[in-house]
Protein chains: 2
Amino acid sequence: MSTETELIDFFKALAEPKRLKIAGILAQRPHAVEELASLLSLSEATVSHHLSLLARAGLVRARADGHYSIYELQKDRLENMAERLLAKETLPAVAADVDMHAYDRAVLRNFSGPDGRLKALPVQRKKFEVVLRHAVTLFKPGKRYTEKEVNKLLARIHEDTASLRRGLIEIKLMQRANGEYWLAS
Amino acid sequence: MSTETELIDFFKALAEPKRLKIAGILAQRPHAVEELASLLSLSEATVSHHLSLLARAGLVRARADGHYSIYELQKDRLENMAERLLAKETLPAVAADVDMHAYDRAVLRNFSGPDGRLKALPVQRKKFEVVLRHAVTLFKPGKRYTEKEVNKLLARIHEDTASLRRGLIEIKLMQRANGEYWLAS
DNA sequence: TATATAATTAGACAAATATCTAATTAATTA
DNA sequence: TAATTAATTAGATATTTGTCTAATTATATA
């Protein structure tokens, strides 16, 4: 089971008032289904259903005793999940499958004309920076460019090469000295 | 806000796949609503709604920047909640308002006849013990009783005083020596 | 000042789910 | 072996909630 579904199952299990209360009761001592139903004013069928969700999350386990099912809280599991929440890598891992460039692509698509060049440079800073991150891929690491060469390359994106050039320097994607330009490393 | 609603809000916030993913993305760096919508293929309205639930749980906070709302994850809050899950008193506190005697009362009511005495002694061990816990309240701490006195008191509950007497000794609610009975302390 | 843009809110709708009753299963007692 | 009992499962229903579009608000640009 993936970390993501494991976390979802865990949170879902405890995100419902009656289930959280079941966990609270079981934290005191194990109980049979019948008892829980009485304590919570719910039918046994409903309690059984809640317990199955808690069990799927690994938070409770049933022990058979006669025709009773005695459920007990799995404190280990609770502790383990809490510790994983404290770990720095857990949450970012959940977003591992998100395509972090989807926004950039959407912005570029929005501003692109049929010829592949931009119809206009975005006015919004955030979107202009998307264009700059795109523009910077035209240049090769280590190579030095004259301003004329820079302009020629940037013209493939948009005719306002001066704004693009200035932007690239400003957010430090490129550097300049003595009329030469190169990629910041 | 009570601990219970605080926990429910926290779990609910993270119990939904898209919201968990938002938390995962914000764990990497802050993002605007528009960006999140792009990354998750959701409308901005939907993302806005998700963010409001995460905010209610204290997990994210918005910072205004131009007409953008830049949302950032509140790691402190996440850590604080995880630590509370690790604390032994948190879960039991959630069940503090549960009437722990509801089951006992239900069992006694079920077996009681119109005269207040039991129609029958429960056969199920678990329920028989409920009756014993009830029976033991007939006796006073410190006082010594003859078997005859014990029987007279127990008869108020059910005529099968022998079974009741034996049960009380067996689960150590009462003690016996030299034909005298008294409450276990 | 008027227009454009990002975000939020309102309202509607569809999907998920908490709950119940009834039927079934598993275990115990008569 | 038959009857009783606790639990689970199945099926139905009502509530909750995730999502969208449209309307509104707030901010920035022309």
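All of these numbers come straight from a predicted model, not from anything done at the bench.
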Between the protein and nucleotides 18-22 of chain C, list every N/O to N/O distance that falls short of 3.5 Å.
residue	atom	partner	partner atom	Å
C:dA18	OP2	A:R19	NH1	2.8
C:dT19	OP2	A:H50	NE2	2.2
C:dC20	OP2	A:S43	N	3.0
C:dC20	OP2	A:S43	OG	3.1
C:dC20	OP2	A:T46	OG1	2.6

What are the atom names and distances for every N/O pair under 3.5 Å that joins the protein to nucleotides 25-30 of chain C?
none

> Does the pair B:R117 and B:E159 meet the rule for a salt bridge (Lys or Arg N to Asp or Glu O under 4.0 Å), with working shown?
Replying inline: CA-CA 9 Å; B:R117 293 171 78 223; B:E159 56 191 3; 5.1 Å; no

> After noting the C-alpha distance and the side-chain angles of B:V150 and B:W182, does the key distance pass the side-chain contact (heavy atoms from CB on, under 4.5 Å) rule?
Replying inline: CA-CA 9 Å; B:V150 168; B:W182 65 94; over 6 Å; no

> Taking it one step at a time, do A:E147 and A:N151 satisfy side-chain contact (heavy atoms from CB on, under 4.5 Å)?
Replying inline: CA-CA 6 Å; A:E147 182 160 317; A:N151 286 345; 4.0 Å; yes

>> Please evaluate residues B:R19 and B:L14 with respect to the criterion side-chain contact (heavy atoms from CB on, under 4.5 Å), reporting the C-alpha separation (whole Å), side-chain torsions for both, the decisive distance (0.1 Å), and the verdict.
In response: CA-CA 6 Å; B:R19 281 199 294 274; B:L14 297 174; 5.9 Å; no

>> Please determine whether side-chain contact (heavy atoms from CB on, under 4.5 Å) holds for the pair B:V131 and B:I157, giving the CA-CA distance in whole Å, both sets of side-chain angles, and the decisive distance to 0.1 Å.
In response: CA-CA 9 Å; B:V131 172; B:I157 291 179; 4.2 Å; yes

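Nucleotide C:dT8 holds its P atom 14 Å from the CZ atom of B:R56, rounded to whole Å. Whole-Å rounding puts the B:I8 CD1 to D:dT17 P distance at 10 Å. Rounded to an integer number of Å, the gap from CG of B:L40 to C1' of D:dC20 is 16 Å. Between the C1' atom of C:dA6 and the NZ atom of A:K127 lies a distance of 8 Å, rounded to the nearest Å. To the nearest angstrom, P of D:dT17 lies 17 Å from CZ of A:F11.
Side-chain atoms of A:I25 and A:L39, non-hydrogen and from C-beta on, do get closer than 4.5 Å to each other.
Among the atoms of the strands shown, none is found under 4.0 Å from any heavy atom of B:K126. Looking at heavy-atom distances under 4.0 Å, B:A32 makes contact with sugar-phosphate atoms alone, never a base.
Where the helix from C:dT1-D:dA30 to C:dA30-D:dT1 starts and where it ends, the local axes point in directions that differ by 20°; five pairs per end, rounded to 10°.
For the side-chain hydrogen bond (donor to acceptor under 3.5 Å, both in side chains) condition, the pairs that include at least one residue of residues 132-144 of chain B, sequence neighbours left out, are B:D104-B:R133. Within the structure, side-chain hydrogen bond (donor to acceptor under 3.5 Å, both in side chains) pairs that include any residue of residues 54-67 of chain B comprise A:Q124-B:H67, B:R63-B:E72 (at least two apart or interchain).
DNA chain D lies under 4.0 Å from no heavy atom of any residue of residues 96-112 of chain B.
B:A37 and B:V47 make their closest contact through CA-CG2, 3.7 Å (heavy atoms, listed as atom of the first residue, atom of the second, distance).
In terms of position along DNA chain D, the nucleotide closest to A:Y68 lies nearer the 5' end than the nucleotide closest to the other residue of the pair A:Y68 and A:S52.
Using a 4.0 Å cut-off between charged side-chain N and carboxylate O, B:K12 and A:E16 make no salt bridge. Using a 4.0 Å cut-off between charged nitrogen and carboxylate oxygen, A:R176 and A:E180 do not count as a salt-bridge pair.
Classified by interplanar angle (parallel below 30°, tilted 30° to 60°, perpendicular above 60°), the ring pair A:F11/B:F11 is tilted.
Close to C:dA6, at under 4.0 Å from its OP1 or OP2, lies no side-chain N or O of B:Y71. Remark: A:S69 is in phosphate contact with D:dT8, judged by side-chain N or O atoms under 4.0 Å from OP1 or OP2.
Linking Ile, Leu, Val, Met, Phe, Trp and Tyr whenever their side-chain heavy atoms come within less than 4.5 Å puts A:M100 and B:V33 in one cluster.
Within the cation-pi definition used here (under 6.0 Å to the ring centroid, within 45° of the axis), B:K127 does not qualify as a partner of B:F111.
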